Amino acid sequence: MNSRIVFVRKAIGIAGWLLLLVWRASAAEKPAPIWTGTATNAQGAVLAKIAVEAHETPELAEWGKRAGALCAEWYPKIHALLASEGFTPPDQVTLRFRAEMKGVAAASGNVINFAAGYVRGHTNDWGKVVHELTHVVQSYPPGGPGWLVEGIADYVRLTHFEPKAPRPRVDLEKASYRDAYKTTAMFLEWAERKHDAKLVVKLNAALRQHKYSREMWREITGKLVDELWADYIAELRAKSAAPK
């Protein structure tokens, strides 16, 4: 056999073993989750496996376990609230606590990253866990309006997880349904009550299918979104002006 061929084969073999050793080392170095659990529906079927990783912030381990248990409890509920035909949300969710992360939290695919600094200062803010978990269940393709994506996540948080929590005051002069988060969530809640109890379900399905359009609001409620917002603000203004 040609000596050059033998040399190449040996080199390839050595490279393969080196890659295997690196892979084994990296796998061995990856810390195990501090908590694992399953989210099951009413029939006992497993919808998702939940894992919590806190190797960067061991002091948050207990909080992380509670967050994991909350996700196991609420994943089936959000799954049902945002159900749409032909769609199955991710069957695995990972919660990670980041020591150097800025901000609050962010979901990417089926991974939720939490900023450790924020968690330490807001240990009672469980709503943010539900908000980010909703993003995992949403799993929308890129291109949808961000204000609506965030608004639906906070709608799940406010309307279903924290229905008795104090609602933020809406600036009647400056606020917009495009403000996202709680402002949009309260608007969605109002629009469901006034026009169609399945509004969020229908918007959610359209976002998943990449079929959302502003015209949908008129198809569902009979009014454009700007007209609905004007009605919402008018109602809030009338309530604020009413005798106490």
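Index from 1, following the sequence. No experiment lies behind these values; they were computed from the predicted model shown. Just so it is clear, the values below take in all heavy atoms, side chains as well, and ignore hydrogens, waters and symmetry mates.
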Taking C-beta and beyond as the side chain, do [X] and [Y] meet within less than 4.5 Å on heavy atoms?
X      : Y      : result
Leu95  : Glu132 : no
Leu203 : Leu188 : yes
His131 : Asp154 : yes
Lys128 : Arg157 : yes
Phe161 : Leu70  : yes
Lys223 : Asp231 : yes
Lys182 : Arg167 : no
Leu81  : Thr134 : no

Can you name the nearest heavy-atom pair linking [X] to [Y], along with the distance?
X      : Y      : value
Glu162 : Gly127 : OE2-CA, 3.5 Å
Trp190 : His195 : CH2-NE2, 4.4 Å
Phe87  : Ser139 : CZ-CB, 3.6 Å
Ala72  : Pro76  : O-CD, 3.3 Å
His135 : Ala153 : CE1-CB, 3.6 Å
Lys65  : Ile34  : CE-O, 3.7 Å

Using modelled atom types only, decide if a donor and an acceptor are shared between the side chain of [X] and the backbone of [Y] within a distance under 3.5 Å.
X      : Y      : value
Gln92  : Asn110 : no
Arg237 : Leu172 : yes
Glu150 : Tyr181 : no

To the nearest 0.5 Å, what is the distance between [atom1] ([X]) and [atom2] ([Y])?
X      : Y      : atom1 : atom2 : result
Thr184 : Trp147 : OG1   : CH2   : 6.0 Å
His55  : Thr57  : NE2   : OG1   : 8.5 Å
Ile112 : Thr94  : CD1   : OG1   : 9.0 Å
Glu56  : Arg96  : CD    : CZ    : 9.5 Å
Glu189 : Tyr232 : CD    : OH    : 8.0 Å
Leu224 : Arg218 : CG    : CZ    : 4.5 Å

State yes or no: do [X] and [Y] share one hydrophobic cluster built from I, L, V, M, F, W and Y residues joined by side-chain heavy-atom distances below 4.5 Å, directly or via other members?
X      : Y      : answer
Val111 : Val52  : no
Tyr177 : Leu236 : yes
Leu199 : Ile233 : yes
Ile152 : Val104 : no
Ile220 : Val149 : yes

(message) Show, in sequence, the C-alpha distance, side-chain angles and deciding distance for Met186 and Val170, and conclude whether the side chain to side chain contact (heavy atoms under 4.5 Å, CB included) test is met.
(response) CA-CA 9 Å; Met186 292 187 297; Val170 176; 3.5 Å; yes

(message) Using the rule given for side chain to side chain contact (heavy atoms under 4.5 Å, CB included), can you reason through Tyr140 versus Asn204, listing the C-alpha separation, both sets of side-chain angles and the distance that settles it, and then say yes or no?
(response) CA-CA 9 Å; Tyr140 299 149; Asn204 169 73; 2.6 Å; yes

(message) Can you tell me if Lys77 has over 12 outside heavy atoms packed within less than 6.0 Å of its NZ?
(response)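 Yes - once you tally the heavy atoms of other residues, nucleotides and ligands closer than 6.0 Å, there are more than 12.
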
(message) Is it the case that over 12 heavy atoms from other parts of the model lie below 6.0 angstrom from the CD atom of Glu215?
(response)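 More than 12 heavy atoms, drawn from other residues, nucleotides or ligands, come within 6.0 Å of this atom.
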
Does [X] come within less than 4.0 Å of [Y], counting only side-chain N to carboxylate O?
X      : Y      : value
Arg120 : Glu59  : yes
Glu219 : Lys202 : no
Asp179 : Lys174 : no

(message) Can you tell me how the ring of Trp126 sits relative to the ring of Trp63, calling it parallel under 30°, perpendicular over 60° and tilted otherwise?
(response)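 Ring orientation of Trp126 relative to Trp63: parallel.
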
(request) Measure centre to centre between the rings of Tyr155 and His160, then say whether the value is under 6.0 Å. (result)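 Judged by ring-centre distance (under 6.0 Å), Tyr155 and His160 do meet the cut-off.
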
(message) If you apply the rule side chain to side chain contact (heavy atoms under 4.5 Å, CB included), what do you find for Tyr118 with Met101, and how did you get there?
(response) CA-CA 9 Å; Tyr118 179 86; Met101 180 180 171; over 6 Å; no

(request) Identify which one of Pro89, Cys71, Pro90 satisfies the side-chain contact (heavy atoms from CB on, under 4.5 Å) criterion when paired with Val136. (result)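 That would be Pro90.
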
